[in-house]
Protein chains: 2
Amino acid sequence: MSLMTTRAIPDGHFWYANEPDVRDLLQAVRRFRRVDEEMRRRISAGMDMNLTDLRALQYVIAAEESGETVQQHDLARYLGISTASTTKLLDRLTASGHLVRAPHPRDGRSVVVTSTDHARSEIRERLGRMHARMAEIARDVPVEARAAVREFLDALSDQIAEEGHVAPLSPRPHG
Amino acid sequence: MSLMTTRAIPDGHFWYANEPDVRDLLQAVRRFRRVDEEMRRRISAGMDMNLTDLRALQYVIAAEESGETVQQHDLARYLGISTASTTKLLDRLTASGHLVRAPHPRDGRSVVVTSTDHARSEIRERLGRMHARMAEIARDVPVEARAAVREFLDALSDQIAEEGHVAPLSPRPHG
DNA sequence: TGACGATTACTAGCCAGGCTAGCGAAATGG
DNA sequence: CCATTTCGCTAGCCTGGCTAGTAATCGTCA
């Protein structure tokens with residue numbers, strides 16, 4: 001472990017008091033976390049919907065782009081909410097003209113959810129530019145440092161996911 | 001700009017199809033974002049409180065550690081909720097024994113919020129180990145790559161914060 | 001010093017977005 | 001072909017936000 005270099009008090013602020021690099025790194029992580037949250041809140045507010053609705057929209061569009069179909073059930077599982085709540089969510093998003101419910105071709109119980117042109121263009125308009133600029137920023141990382149950056153983020157994710165004994169499941173729609 | 005290398009469709013998936021480094025980097029960012037959100041949800045659920053309450057708790061404790069006093073008003077501003085909602089939040093967190101309301105020494109209208117020993121030890125117990133391991137992970141980043149990592153995260157944060165024309169304000173308590 | 005606007009926290013009452021329970025219709029397995 | 005399971009829906013509840021309005025206190029200025 002070789003943890004402590006300054007004080008024995010495990011309270012965050014003193015751990016890396018004489019390790020400015022480490023402190024700055026974690027500070028940058030925290031700031032990213034915060035502004036990211038704010039950004040999503042802003043965007044969903046700008047589209048007159050809540051964060052969950054925005055996530056749902058992105059999920060449906062992403063699934064369509066990779067050629068997969070989405071049922072109400074998939075959405076519920078991905079969003080981590082009940083199917084009943086997902087019914088309400090679909091009510092909202094179909095009323096607003098972002099999503100469409102269609103009968104499943106071969107399962108009479110199921111509903112297939114698709115996005116409208118309007119939804120796709122709105123998402124593209126709101127997120128496309130930012131996405132492009134994030135890619136630019138990634139390109140600006142020196143080639144020789146890219147592996148280190150990725151490994152750092154992956155290690156953080158592994159640590160965070162494992163903490164609390166939760167399997168690092170990936171949120172894929174069913175095939 | 002020199003954006004496109006593959007297709008002109010600005011839909012995210014094709015931008016960096018032949019730039020595996022860039023794609024992997026952004027993928028790592030997205031994963032971090034997701035597991036971080038999940039982690040906070042888990043921890044707050046484990047403490048029988050919601051995300052806002054957890055943020056409030058961390059804020060109060062952090063402020064105390066840097067010797068600052070916190071009023072209900074500061075908390076409301078930091079959390080981005082109304083003072084009325086903050087009243088309810090304080091009701092919850094005082095009822096659960098995490099925070100204490102005390103009269104402000106020189107302003108009869110104000111309330112000074114402090115954390116209990118119980119709250120501090122619970123937060124330390126739940127977050128301390130993870131915090132330590134995040135510091136370890138940061139230490140594992142090769143010294144020569146640390147600047148690049150920090151610059152990457154800062155650039156992302158700048159971009160995200162600026163998008164939507166919001167000033168990159170820092171959430172400090174009043175002095 | 002006394003009056004008055006500003007500030008602080010609170011109460012009352014509303015609403016959005018989650019939840020569980022339970023239902024009918026369709027699919028599936030024995 | 002009947003029993004069980006799955007799917008999405010409705011009904012009704014609860015939490016955690018919100019706004020509006022209030023009482024107490026503070027600060028300022030005539």
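Chain letters run A, B, ... following the sequence lines, proteins first and then strands; every chain starts at 1.
- In this structure B/Glu64 satisfies the side-chain hydrogen bond (donor to acceptor under 3.5 Å, both in side chains) test together with B/Ser115, sequence neighbours excluded.
- Within a heavy-atom distance below 4.0 Å of DNA chain C, the residues of residues 98-108 of chain A found are A/Arg106, A/Asp107, A/Gly108.
- In summary, contact between chain A and DNA chain C, defined as any nucleotide atom under 4.0 Å from a heavy atom of the protein, begins and ends at C/dG17 to C/dA27 in the 5' to 3' direction.
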For residues 150-157 of chain B, which side-chain donor-acceptor pairs fall under 3.5 Å, sequence neighbours excluded?
from: B/Ser157; atom 1: OG; to: A/Phe32; atom 2: N; distance (Å): 3.4
from: B/Ser157; atom 1: OG; to: B/Leu153; atom 2: O; distance (Å): 3.0

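- B/Ser44 pairs by the side-chain hydrogen bond (donor to acceptor under 3.5 Å, both in side chains) definition with nothing, not counting sequence neighbours.
- We find that A/Arg31 and B/Asp158 are joined by a salt bridge, their nearest charged nitrogen and carboxylate oxygen being less than 4.0 Å apart.
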Checklist outcome for this item: With sugar-phosphate taken as primed atoms, P, OP1 and OP2 and all else as base, the protein-contact string of nucleotides 10-23 of chain D at under 4.0 Å (heavy atoms; B, S, -) is B-B---SBBBB---

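- Taking only side-chain nitrogens and oxygens, A/Gln72 never comes nearer than 4.0 Å to OP1 or OP2 of D/dC7.
- Partners of B/Arg146 according to the salt bridge (charged side-chain N to carboxylate O under 4.0 Å, His left out) rule, which considers only residues two or more places apart in sequence or in another chain, are A/Asp21.
- Every residue two or more places apart in sequence or in another chain was checked for a side-chain hydrogen bond (donor to acceptor under 3.5 Å, both in side chains) with A/Thr52, and none qualifies.
- In this view, A/His118 and A/His98 satisfy the ring pair (Phe, Tyr, Trp, His ring centres under 6.0 Å) rule, not counting sequence neighbours.
- In this view, B/Asp117 and B/Arg120 satisfy the side-chain hydrogen bond (donor to acceptor under 3.5 Å, both in side chains) rule, not counting sequence neighbours.
- Residues passing the side chain to side chain contact (heavy atoms under 4.5 Å, CB included) test with A/Asp140, sequence neighbours excluded: none.
- What separates CZ of A/Arg109 from P of D/dC7 is a distance of 6 Å, to the nearest Å.
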Determine all donor-acceptor pairs shorter than 3.5 Å in which one atom belongs to a side chain in residues 82-92 of chain A; sequence neighbours excluded.
from: A/Ser82; atom 1: OG; to: A/Ser85; atom 2: N; distance (Å): 3.1
from: A/Ser82; atom 1: OG; to: A/Ser85; atom 2: OG; distance (Å): 3.0
from: A/Thr86; atom 1: OG1; to: A/Ser82; atom 2: O; distance (Å): 2.8
from: A/Thr87; atom 1: OG1; to: A/Gln72; atom 2: NE2; distance (Å): 3.3
from: A/Thr87; atom 1: OG1; to: A/Thr83; atom 2: O; distance (Å): 3.2
from: A/Asp91; atom 1: OD1; to: A/Arg101; atom 2: NH2; distance (Å): 2.3
from: A/Arg92; atom 1: NE; to: A/Asp53; atom 2: OD2; distance (Å): 2.9
from: A/Arg92; atom 1: NH2; to: A/Asp53; atom 2: OD1; distance (Å): 2.9

